[in-house]
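Reviewing the structure listed below.
For ligands, and for the atoms within them, numbers begin at 1 and follow the listed sequence. Every heavy atom of this structure was used, including side-chain atoms; hydrogens, water molecules and symmetry mates were not.
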Amino acid sequence: MLAVHLVSFFFSKLQEDPTKKVDRFLYAMRLHDDQLRDISARFQAEIKKGLSSESNAAAAVKMLPTHVRSTPDGTEKGQFLALDLGGSKFKVLQVKVREGMGIRKGGVEIEEKNYPIPKELLTGRGTELFDHVAESLKDFMQEKNISMEKKHPLAFTFSFPCEQSSLDQGLLLNWSKKYRVRGLQGKDVVQVLRDAIDRTGGVDVEVLAMVNDTVATMMTCGFDDNYCDVGLIIGTGTNACYMEGLRHIDLVEGDEGRMCVNTEWGGFGDDGALDDFITEFDRDVDAASSNPGKQIFEKMISGMYLGEIVRLVVLKMAKLGLLFDGHVSDALRTKGKITTANVAAMEENKNGLNNTKKLLIDLDLTPTMDDCIAVQHVSTIVSFRSSNLVAAGLAAILTRIRQNRNLRALRITVGVDGTVYKTHPQYPKRLHKVVRRLLPECHVRFVLSDSGSSKGAALVSAVAQRLASRKRQVDETLCPFRLSREQLQLVKAKMRAGLEAGLQTKGPSAIKMLPSFVYYTPDGTEHGKYLALDLGGTNFRAMLVNFKKGMQQNARLYHKIYTIPLEIMQGTGEELFDHLAQCVSDFLDYMGMKNARLPAGFTFSFPCEQTAIDTGTLVSWTKGFKATDCEGHDVVEMLREAIKRRNEFDLDIVAVVNDTVGTMMSCAYEDPQCEIGLIAGTGTNVCYMEELKNIEKTEQKTGRVKREEGTPKGEEDKQGDGSEGEKEGDAEIQKMCINTEWGGLGDDGSLDDIITPYDVEVNQNSVNPGKQRFEKLTSGMYLGEIVRQVLLDLTRGGLLFRGHVTETLKTPGIFETKYLSQIESDRLALLQVRCILQQLGLDSNCEDSIIVKEVCGAVSRRAAQLCGAGMAAVVDKIRENRGLDHLNITVGVDGALYKLHPHFSRVLQETARVFAPQCNVTFLPSEEGSGKGAALITAVARQKQEM
Ligand code: 0WK
Ligand code: 0WK
Ligand code: BGC
Ligand code: BGC
């Protein structure tokens, strides 16, 4: 300290350039680029600390999520009331965005009025301040004849740090600047405002959004400049916000898209990070402030403090005799006597020096010209440091954005507001210059917010309103897919009734309940080599299975998958079965077993009426098949004829089974408790072991004759009337597997109360309209189409893809069900959803992909719940069949939807558990498909034949 005195005394004798002594005196405030880069790097570290959930709580730079997820996209419109509280002026405004006459296209019309805040309210009770706000709002509405009757959407700019969990809620963390209001910290200021407005009465508004002034400023400037992703305030206080990647904001759920973060950079240094840049004058300003130790960075930068720093510097220099010959006036000793406006005035190009002189005289000083030059230079250094520090902070934010986007060079716009930036003559260009010097690779544009931040706040509210109305409309659209407990209970009851009806009547029933002539589940004695042919929903599989006696669990098998081209699916029956025969031939070649005449089991995943294990008359095609001359024909015969036509190999087709039956058998090989087979794939269906006595229609069908074939020779003759016959050999035959074909539930209109217009559309566009209604609500063949219909409708309603109905969206089958599985996977970022949509030629934005994901979720959840309710009906029937209070049973499952969809299986299981509480159902995904099951049935049938 002494050293300084000596130095200054010596110099005064020399009459040098007065700015020189100021430069020396304020050496610590004159920051050069390396120091600024150092500060910038420190700030980048603060950003990371604030964003990470581990270190956020202790972070000095709070990095507050704002729930503003997008900058204006040009569709915002509406009429809003706005409140702008926290800057130097409290304003009430009416903002019309693209609304009404005379607004030039894309224009915004604003009416505003300042309502000064009485000083005592700045340190009074919170309710009093907000009552003043509410009364000002009421006064404004009366003055502008805004009708008090209708509910007005309101946007609230509140320029203090708030922790927000949504756009219309915010807990106040602390006051800053001139505000020291009592009783609001930790409170939700939006609710406080609502309460104040209710107390004032006569005003009906809906507070849609509360935003920080930096956010509102960014949105205001983003209205005309799509590059504006940063908001900056250099006013009474200082602060910045920017659009950050959601994946970096730990405190907010989700990884996709962006969200604006209010940095509250005023707190930078509150943890000592800037101590080596803090000068004694900064410490004095802080000590004398009403929030010592807080907002350190702000106190070196913003308008509330610059004037005071200058005063303290001038005071100190005067005391040291470096100014005014050591004369000090009381005015100069008085806090706040030099304002930031004075600082700006002193730095005016032309009148700067005069203004300085005038100011010093007003402070009862008699300055020399050198004194004026020196004091003016003090102002320059202090405000220069302010703009340099802002530049360092901005450089950190822009560098982070550039890195987030993996760009070498960044083009970006910064929206700015605040009195210091607006009124200080040199400030803007100094700031711009230093930012460009620190970031030569960035093209940074600064846009001054021309109408305050309320336009931006209104835009945020318009976005909030649009998102809210979009969400409401999407919810309305998806509501019919969200089945209630009662509706699912009803579906269970209808399924049960359908099962019962199907067992009784021979005639047509929605649920066909087709006997499969499979009486046993495997008992491990099966052995030998079998060929399994498996015509599923999407492809044909040929499989060789080799069972080793007693070696359950590891039957050796080889298989090959063949696709079924659409033209074959929808060609002639002959072409289809020739194609199957060709595939079998290729497989036998591949296995080198062309001449083996293997016993074969044929899994045929379509409804077939069987009179024995090795015959099956196709009732009707389902899924995408409609080959001609097949319905009403025996598919085993057709395959045999195709093999004969090919005349290259021969098979002994011993059994034809439905894929549900094959799947049940496959899984029963592992788990004997498995007595149900479920397919949730391209199609949907279930089979289960039903009590023979409940299968009334079989008698007529099967009658005595057939049995002969099954039972050992000679037994039969004795009885001759069928009933008793069952007893002896049938001692153990109590059950038969029934292929329910539950896909047909609703074909009689019983599901019309839950069928939506989208389902109607899908049904009408299907190859089998009116048929398989339950399947068309639940299976992979149709879910993608249902989603496409919903997306089409939402897009026509302007709620998606900006209302652009592209050809892609109108193309049937374009939205395959596999996309649902991909889109709904939790691991998948929305970005990837957008890629999928991109691949489909659908140009989407972040919000679009959120909606697409929601639509997919609603459609697949309904499908899983319906299958779960159906399964509850099946297991409860089995439980009651066996007169049990509690049933333990296993369901063998297969199908791409069940196996690959991220949520389908869980929702199905949950629903089955809820609606069949007396059943403990285990779902066992089948490893090798239904082929092994078919081979097992073939083995059982073959062994029976040999007996
Ligand atoms: C004008 C904005 C307001 C913001 C103010 C900041 O409309 O939201 O708080 O700028 O500058 P100040 O008035 O504190 O200088
Ligand atoms: C695999 C089975 C097959 C069944 C198919 C159903 O081996 O019998 O038809 O699952 O699943 P999808 O291929 O229809 O998804
Ligand atoms: C507040 C910020 C605000 C800034 C500019 C600071 O004191 O903490 O929330 O954005 O002033 O008004
Ligand atoms: C067929 C059933 C088959 C199911 C699963 C349905 O379309 O009618 O026979 O089990 O798809 O593949």
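No heavy atom of Lys623 sits closer than 4.0 Å to any atom of ligand 2. Within the 4.0 Å heavy-atom cutoff, Gln772 counts among the residues contacting ligand 4. Using a 4.0 Å cutoff on heavy atoms, Gly662 does not count as a contact of ligand 2.
Atoms of ligand 2 found under 4.0 Å from any heavy atom of Gly895, numbered from 1 in the order shown, are 6 (C), 10 (O), 11 (O), 15 (O). Near Glu775, meaning under 4.0 Å from any of its heavy atoms, are these atoms of ligand 4: 6 (C), 7 (O), 11 (O). Residue Asn212 has at least one heavy-atom neighbour below 4.0 Å for each of these atoms of ligand 3: 2 (C), 3 (C), 9 (O), 10 (O). Distances below 4.0 Å separate heavy atoms of Ser176 from the following atoms of ligand 3: 1 (C), 6 (C), 7 (O), 8 (O). Residue contact check: Phe160 has heavy atoms under 4.0 Å from atoms 9 (O) of ligand 3. The atoms of ligand 3 that sit less than 4.0 Å from any heavy atom of Gln295 are 7 (O), 8 (O). Residue Thr622 approaches ligand 4 through these ligand atoms, each under 4.0 Å from one of its heavy atoms: 1 (C), 6 (C), 7 (O), 8 (O).
In terms of polar-atom proximity, Asn539 is not counted as a contact of ligand 2, lacking any N or O under 3.5 Å from an N or O of the ligand. At least one N or O atom of Ala896, backbone or side chain, sits closer than 3.5 Å to an N or O atom of ligand 2. Checking only distances, Thr663 never comes within under 3.5 Å of ligand 2, N or O to N or O. Considering backbone and side-chain N/O of Asp659, one or more are found under 3.5 Å from N/O of ligand 4. Polar contact with ligand 2: absent for Glu928 (N/O pair, distance under 3.5 Å). Any N or O atom pair closer than 3.5 Å counts here, and Thr603 shares no such pair with ligand 2. For the pair Thr660 and ligand 4, the shortest N or O to N or O distance does not fall below 3.5 Å.
The proximity of Ile679 to ligand 2, defined as any non-hydrogen pair under 4.0 Å, is limited to the side chain. Residue contacts with ligand 3, taken as heavy atom pairs separated by less than 4.0 Å, involve Pro161 via backbone and side-chain atoms alike.
Remark: Lys932 is not positioned above the aromatic ring of Tyr669, lacking an NZ or CZ atom under 6.0 angstrom from the ring centre and at most 45 degrees off the axis. Cation-pi geometry between Lys623 and Tyr782 is not met at under 6.0 angstrom from the ring centre and within 45 degrees of the axis.
The one candidate from Glu298, Lys177, Lys299 that meets the side-chain hydrogen bond (donor to acceptor under 3.5 Å, both in side chains) condition with Asn291 is Lys299. Tested against Ser930, the residues Asn658, Asp659, Thr660, Asp534 include a single side-chain hydrogen bond (donor to acceptor under 3.5 Å, both in side chains) partner, Asp534.
In this structure, atom 4 (C) of ligand 4 lies nearest to the protein heavy atom Asn685 CB, 3.6 Å. Of the protein's non-hydrogen atoms, Glu264 OE1, 2.6 Å is the one closest to atom 8 (O) of ligand 3. Protein heavy atom nearest atom 3 (C) of ligand 2, with residue, atom name and distance: Asp534 OD2, 3.3 Å. Protein heavy atom in closest approach to atom 6 (C) of ligand 3: Glu298 OE2, 3.1 Å. Considering only non-hydrogen protein atoms, atom 9 (O) of ligand 4 sits nearest to Glu741 OE2, 2.5 Å. The nearest heavy-atom contact from the protein to atom 4 (C) of ligand 2 is Asp659 OD2, 3.4 Å.
Between Met665 and Leu936, the shortest heavy-atom contact is O-CD1, 3.5 Å. For the pair Met543 and Gly931, the tightest heavy-atom approach, listed with the atom from each and the gap, is SD-CA, 3.6 Å. Across every non-hydrogen atom of Ala216 and Val211, the tightest pair is CB-CG2, 3.8 Å.
When the heavy atoms of Lys932, His559, Lys899, Arg541 are ranked by distance to atom 1 (C) of ligand 2, first place goes to Arg541. Compare Asn239, Ile234, Asp213 by their heavy atoms: the one nearest to atom 12 (O) of ligand 3 is in Asp213.
With hydrogens and angles left out, the side-chain atoms of Asn114 and Lys91 include no donor and acceptor closer than 3.5 Å.
In this structure, Lys294 places its NZ atom where only 12 or fewer heavy-atom neighbours from other residues, nucleotides or ligands lie under 6.0 Å away.
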